[in-house]
Amino acid sequence: MAMRADWIWMNGDLIPWDQANVHVFTHALHYGSSVFEGIRAYNTPKGPAIFRSHEHFRRLMDSAKIMRITPAPYTVEELIEAAKASIRANKQDSCYIRPLIYRGYESLGVDGRKCPVDVIIGTVPWGAYLGEEAINQGVDVAVSSWRRTPSGVGAPLGKIGGQYVNSQFIAMEAHDLGYDEAISLDIHGYVAEGSGENLFMVMDGVVYTPPLATSILSGITRDAVKTIAHDLGYEVKEMTITREMLYLADELFFTGTAAEVTPIRSVDRISVGSGTRGPITKAIQQRFFDITAGRYPDEHNWLDYVYDQE
Ligand code: PPE
């Protein structure tokens, strides 16, 4: 069934889902001139809470700046309020929030800056990205034959619609070959990330993740997981990672808003460690899910409640 909700926020108003349409000459549809976010709101004992709302909407503004959609038509605070209004209107306990800023309908031509800037925020149900089972059992991945779009060709730090053609190549190839997902390498052959997730590696008790300069998105879950790993007493390092390190790693896992923390149990059909979820992955997952469920104290102020707290 199609992903949907009753109401969607569009250009300042909450409107019925089925009325949120665009013209087929919308610039973004032809040229990928859009920027977006993916954010989760979690069900907690104090009602739905948006995970790291400010960081996500600030990154949306950063993407807009890279895409030369300036000035942004709304502030971070206005967009957070709009997302909350949509969650309330849809009576959602938890959801996936998809803000999208895009060049609308005016005329063709690659430089779309004559086209209007339109903004939507949809809040929709979305379960485990790589399947419920994947959270416990892990996923089987391959190293993609597609390289990640490098900086200077694209702008990997921007979450820009058109750049997700590269992600689609990576994901489609992986699925056609019978894998759940793939790990892309950057243009130099160093490990970058998944099609829609950042990557972490555990080796001899140390937690590693590739640096921003390896053509990755600056993931907000990546940042949260670095903090959690540190809180749990693990050493966390950014390190350039090579393909064969993936084969020798004790543990590997993906992080992302949609993927949350998902273990990787094999790469190129080679088992990662014991071939099951590793203990450090499990501990990090547990803390992540405890915080987002409101079961563990929100020490880093990551939860933004949708309803006013007494
Ligand atoms: N890298 C890429 C390329 C990416 O798209 C995402 C998010 C991440 C890393 C992780 O970033 P963060 O969510 O801030 O931890 N991918 C979004 C889109 C998924 C989709 O299929 O759409 C997401 O997870 O919401």
Side-chain angles (χ1 to χ4, degrees), residues 3 32 34-42 50-63 66 83 94-100 102 120-131 134-135 139 141 144 146-151 153-172 174-175 180-186 191-200 209-229 238 241 252-262 264 284-285 288-289 291-292 300 302:
M3 196 178 244
S34 63
V35 297
F36 68 103
E37 269 302 315
I39 312 168
R40 277 189 191 270
Y42 286 94
I50 303 176
F51 186 69
R52 307 197 71 177
S53 60
H54 282 86
E55 289 87 340
H56 277 286
F57 281 101
R58 220 173 293 138
R59 188 174 65 186
L60 182 68
M61 296 301 168
D62 290 348
S63 299
I66 293 170
S94 64
C95 65
Y96 183 83
I97 304 167
R98 169 52 56 83
L100 176 77
Y102 59 97
I120 63 104
I121 301 177
T123 61
V124 290
W126 202 357
Y129 191 49
L130 299 168
I135 298 284
V139 289
V141 309
S144 184
W146 293 96
R147 295 294 172 91
R148 196 88 186 114
T149 306
S151 180
V153 173
L157 285 181
K159 208 166 163 61
I160 298 170
Q163 299 194 148
Y164 277 77
V165 169
N166 177 241
S167 287
Q168 290 177 61
F169 286 156
I170 293 164
M172 291 190 294
H175 298 159
D180 300 307
E181 173 56 303
I183 295 170
S184 62
L185 307 179
D186 75 1
V191 171
E193 58 179 355
S195 68
E197 311 89 357
N198 290 115
L199 181 84
F200 280 81
T209 196
L212 292 187
T214 43
S215 303
I216 64 169
L217 187 72
S218 181
I220 290 161
T221 321
R222 171 182 180 272
D223 180 75
V225 160
K226 281 166 68 179
T227 302
I228 288 172
E238 288 195 2
I241 295 173
L252 290 176
F253 59 90
F254 283 130
T255 66
T257 297
E260 299 171 303
V261 181
T262 301
I264 298 168
I284 290 170
Q285 266 186 328
F288 178 83
F289 288 123
I291 293 172
T292 54
H300 304 289
W302 286 340

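Numbering of ligands and ligand atoms starts at 1, following listing order.
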With atoms numbered from 1 as shown, which atoms in ligand 1 lie under 4.0 angstrom from a non-hydrogen atom of [X]?
X: Gly219; result: 11 (O), 12 (P), 14 (O), 15 (O)
X: Glu193; result: 1 (N), 2 (C), 3 (C), 9 (C)
X: Arg98; result: 22 (O)
X: Trp126; result: 20 (C), 21 (O), 22 (O)

Does [Y] offer a backbone N or O that forms a donor-acceptor pair with the side chain of [X] under 3.5 Å?
X: Thr209; Y: Leu199; value: yes
X: Gln163; Y: Ala155; value: yes
X: His175; Y: Asp180; value: yes
X: Ser215; Y: Arg148; value: no
X: Glu37; Y: Pro99; value: no

Do any N/O atoms on [X] end up under 3.5 angstrom from N/O atoms on ligand 1?
X: Arg59; value: yes
X: Tyr96; value: yes
X: Gly256; value: no

- Item | Contact with ligand 1 for Ser195, non-hydrogen, under 4.0 angstrom |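 Contact present.
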- Item | Close approach, Gln168 and ligand 1, non-hydrogen under 4.0 angstrom |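 For ligand 1, residue contact (heavy atoms, under 4.0 Å) with Gln168 is absent.
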Can you check whether [X] reaches [Y] side chain to side chain, under 4.5 Å on heavy atoms?
X: Arg52; Y: Asp223; value: yes
X: Glu193; Y: Phe254; value: no
X: Val191; Y: Leu185; value: yes

Identity and distance of the protein heavy atom lying nearest [atom]:
atom: atom 15 (O) of ligand 1; result: Thr221 OG1, 2.6 Å
atom: atom 10 (C) of ligand 1; result: Asn198 OD1, 3.6 Å
atom: atom 13 (O) of ligand 1; result: Thr257 OG1, 2.6 Å
atom: atom 3 (C) of ligand 1; result: Arg148 NH2, 3.0 Å
atom: atom 24 (O) of ligand 1; result: Ala258 N, 2.8 Å

Just go through [options] and tell me whose heavy atom is the nearest to [atom].
atom: atom 6 (C) of ligand 1; options: Ala224, Ser167, Gly196; result: Gly196
atom: atom 7 (C) of ligand 1; options: Arg40, Glu55, Glu197, Lys159; result: Lys159
atom: atom 19 (C) of ligand 1; options: Phe254, Tyr129, Tyr164; result: Tyr129

- Message: Could you check whether Phe288 and Phe51 have their ring centres less than 6.0 Å apart?
- Response: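 Distance test on ring centres: under 6.0 Å, yes.
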- Message: More than 12 heavy atoms of other residues, nucleotides or ligands under 6.0 Å from CH2 of Trp146: yes or no?
- Response: no
- Euclidean distance, Ser195 OG relative to Tyr164 OH, rounded to 0.5 Å: 9.0 Å
